[in-house]
Structure formats: C-alpha cells, structure tokens
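All values derive from a computational prediction rather than experimental measurement.
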Amino acid sequence: MTKAIHPTAVIADGATLGKNVSIGAYCVIGEHVSIGDGTTLHSHIVIEGHTTIGKSCQIFPFASIGHKPQDLKFKGEVSQVVIGDNTTIREHVTINPGTEAGGLMTKVGNNCLLMVGCHVAHDCHVGDHVIMANNATLAGHVHVGDFAVLGGLSAIHQFVRIGHHAMIGGMSGIESDVIPYGQASGERANLVGLNLIGLKRRKFGRKDIHALRNAYRLIFSPEGTMKERLKDANNLFKENEGVLEIVKFISDNTSRAICQPKNLTSQSSGTHE
C-alpha cells in the first residue's frame, strides 16, 4: 500500500487505510476509522468513532467527523458514520454518528459536495450527488434525496425529508417535507414551484417536465382534498415515474407536514384529511 502520511499526523492502532491515501499535517484518526483508496485528508482533520470514508474523497482542514452526536439521549452506543466515494468535504464541516433511536447510522452518499461550515447531525441520510452550500445545516434524522441542492445558510428541521432533485433556497428555514423535484424558499419556507433549472441540468425531457408541471398544479390546487388530488394525479400520470414518486412521497406516513405553496387555501399534512 502506498500512503503519504505527514509525520505530525496521529493515527491510532486499528485504523484502516487504503491504497494511495494521503494524510496531511496534524490530522487525528481514531482506531475504528476506515479510509478508502485514493482519499486525501489535507490537514488539521479529526475523524473518530466507527467511521468509514469511501474512495477518492477530499477532506479539507478543520473538518470533524465521527465525534459523538449533539443529542442528550445519546448514551455512548456504538454507531456509525458512512461516507461514500468521490465526496468532497470542505473546511469546518461537522458530521455526527447515529443514535439508537435513529438506526445507529449517519450516511452521506457518493459524489456529494459539502461546502464550508455545513453540519450533518445524527441519523441523517444524505443521498448521492447532493450539494450543500456554505453553512447549510441538517438537524437529526433528516433524509435528503439524490441530486438535491441546499442553499447557503439553509436550516433543515429534524425528521424533515428533502426529495430527490429538490432545491432549497439560501437562508431558508425548512420545517416541512419538500417534495421530489420541488423548490422551497423563505424564512419559514414555502413551496415556490418545481426545480426546473435542476431538471434541465439533469437532462429531463420536455415531455417529463411538462407532466411534472401539470401534476404539480393538480396536486396543489385548492379544489378537493389532498387525498383526492393525489388519486387523480396517480391515475392521470400513471406512466410518469417522477409524478408517481411525488405521489408516493406525499402519501408516505411521516412525522412532518408537506411543504406547500403559500397561497394554497386547503392546508393538509399529506393524506391526513
């Protein structure tokens, strides 16, 4: 195994380092840490706990990964942080392990970018290709879908779900679940439409985008109940995978309400009507 380890780095016995791992000055690596092939730790990084870092990751100075969570219910149970391949973690990012109440695992997927000062709390699950801009923060038990983008200084309430391909505006407070392909923003955020720019960047076709827009208008129209509108959307767009994903997301039983447009007169919490 070829490794480049600075002499000031402190690496505990038991830590596992893959091939071509680079560890810079003053890094501290705990005994239960595993670091995948080709990953670079630049300097002044602390990785503790039962933490697994994937292949070809880049971790920048003063990141702290794997220290015990900021949860008063945590009693020292063995729990994990798992970070996928090709993920970049910038300066001052903090990622905490899971707890017994949340499945004992915090997970960040492949090909993610966590910019300066982001926080991923205990029991969060972050999908693949997710971007968290500077100082975006996730409270405990948050789930973020693939290709979601979280704007700078956004704050996500505990147990909230952010759907695939969703866009969260900068400086937004998210207290409710944001549908797949949705766009939410505001001090106490509302849904402001679909993430059309993201859909076009991901090469969604005109037909699929048109179907998603029509389904969005139907689901969040003021007529009828949410349950009725979801049934109509399911029937009208039963061959569109994206629409069916939105219907399922809203229909799932969850502890949080669904983030909705500000002008919607019929407020609901998913199908609880």
Query raised in the report: Just by distance, do the side chain of Ser154 and the backbone of Ser172 share a donor-acceptor pair under 3.5 Å?
Result: no
Query raised in the report: Can you name the nearest heavy-atom pair linking Ala15 to Ile29, along with the distance?
Result: CB-CG2, 4.1 Å
Query raised in the report: Would Ile35 and Phe60 show up in the same hydrophobic cluster when neighbours are defined by side-chain heavy atoms closer than 4.5 Å?
Result: no
Query raised in the report: What do the steps show when you test Leu150 against Val144 for side chain to side chain contact (heavy atoms under 4.5 Å, CB included), and what is the final call?
Result: CA-CA 9 Å; Leu150 279 59; Val144 180; 4.1 Å; yes
**Report entry** Interatomic spacing from SG in Cys259 to CD in Gln183 - rounded to 0.5 Å
**Finding:** 11.0 Å
Query raised in the report: Counting N and O atoms only, with roles assigned by atom type, does the side chain of Thr106 sit under 3.5 Å from a partner on the main chain of Asp123, one being a donor and the other an acceptor?
Result: yes
Query raised in the report: Under a 4.5 Å cut-off applied to non-hydrogen side-chain atoms, are Ile5 and Leu17 in contact?
Result: yes
Query raised in the report: Hey, what do you get for CG (Leu230) to CD1 (Ile258), rounding to the nearest 0.5 Å?
Result: 9.0 Å
**Report entry** Same apolar cluster (I L V M F W Y, side chains within < 4.5 Å links), Val21/Val10
**Finding:** no
Query raised in the report: When you measure from the side chain of Thr16 to the backbone N and O of Ser34, does any donor-acceptor pair fall under 3.5 Å?
Result: no
Query raised in the report: Testing Val93, Ile95, Thr94, Val81 for side-chain contact (heavy atoms from CB on, under 4.5 Å) with Val120, which one passes?
Result: Ile95
Query raised in the report: Roughly how far apart are Cys118 SG and Met132 CE, rounded to 0.5 Å?
Result: 4.5 Å
Query raised in the report: Is there a donor-acceptor contact under 3.5 Å from the side chain of Asp85 to the main chain of Asn110?
Result: no
Query - Gap between atom CD1 of Ile168 and atom CD1 of Ile156 - 0.5 Å precision - result: 5.5 Å
Requested in this report: Indicate, with yes or no, if Val78 and Val82 share a hydrophobic cluster defined by side-chain heavy-atom contacts under 4.5 Å among Ile, Leu, Val, Met, Phe, Trp and Tyr.
Outcome: no
**Report entry** Spacing of Thr87 atom OG1 and Leu114 atom CG [to the nearest 0.5 Å]
**Finding:** 7.5 Å
**Report entry** His125 and His141 aromatic centres sub-6.0 Å
**Finding:** no
Ignoring hydrogens and angles, write down the donor-acceptor pairs under 3.5 Å from the side chains of residues 188-197, residues two or more places apart or on other chains.
from, atom 1, to, atom 2, distance (Å)
Arg188, NE, Glu175, OE2, 3.1
Asn190, ND2, Gln260, O, 3.4
Asn195, OD1, Gly198, N, 3.2
Asn195, ND2, His165, O, 2.9

Report task. Can you see which heavy atom on Ala63 is nearest to which on Ile89, and at what distance? Result -> CB-CG2, 4.2 Å
Query raised in the report: Charged N to carboxylate O below 4.0 Å: is that the case for Arg161 and Asp177?
Result: yes
Query raised in the report: If you look at every heavy atom in Asp146 and Asp128, which pair is closest and at what distance?
Result: OD1-N, 2.8 Å
**Report entry** Results of side chain to side chain contact (heavy atoms under 4.5 Å, CB included) for Asn111 - residues two or more places apart only
**Finding:** Asn86, His129
Report task. Find the distance between OH (Tyr26) and OG (Ser43) and round it off to the nearest 0.5 Å. Result -> 10.0 Å
Query raised in the report: Can you check whether Gln70 reaches Asn96 side chain to side chain, under 4.5 Å on heavy atoms?
Result: yes
Query raised in the report: Is the side chain of Glu223 donor-acceptor paired with the backbone N or O of Ser221 at a distance under 3.5 Å, no angle test?
Result: no
Requested in this report: Report whether Ile219 and Ile209 are members of the same hydrophobic cluster (ILVMFWY, side-chain heavy atoms less than 4.5 Å apart, transitive linking).
Outcome: yes
Report task. For the residue pair Ile179 and Phe220, establish whether any side-chain heavy-atom pair is separated by less than 4.5 Å. Result -> yes
Query raised in the report: Pick from Phe147, Phe204, Phe249, Tyr216: which one makes a ring pair (Phe, Tyr, Trp, His ring centres under 6.0 Å) with Tyr181?
Result: Phe204
Query raised in the report: If Ile, Leu, Val, Met, Phe, Trp and Tyr residues are connected whenever their side-chain heavy atoms lie under 4.5 Å apart, and connections chain through other members, are Val33 and Ile59 in the same group?
Result: yes
**Report entry** Enclosure of His210 NE2 (heavy-atom neighbours >12, cutoff 6.0 Å)
**Finding:** no
Acceptor/donor pairs from residues 45-57 side chains to any protein atom, 3.5 angstrom cut, sequence neighbours excluded:
from, atom 1, to, atom 2, distance (Å)
Thr51, OG1, Glu48, O, 2.6

Query raised in the report: Do other residues, nucleotides or ligands put more than 12 heavy atoms under 6.0 Å from the CD atom of Glu100?
Result: no
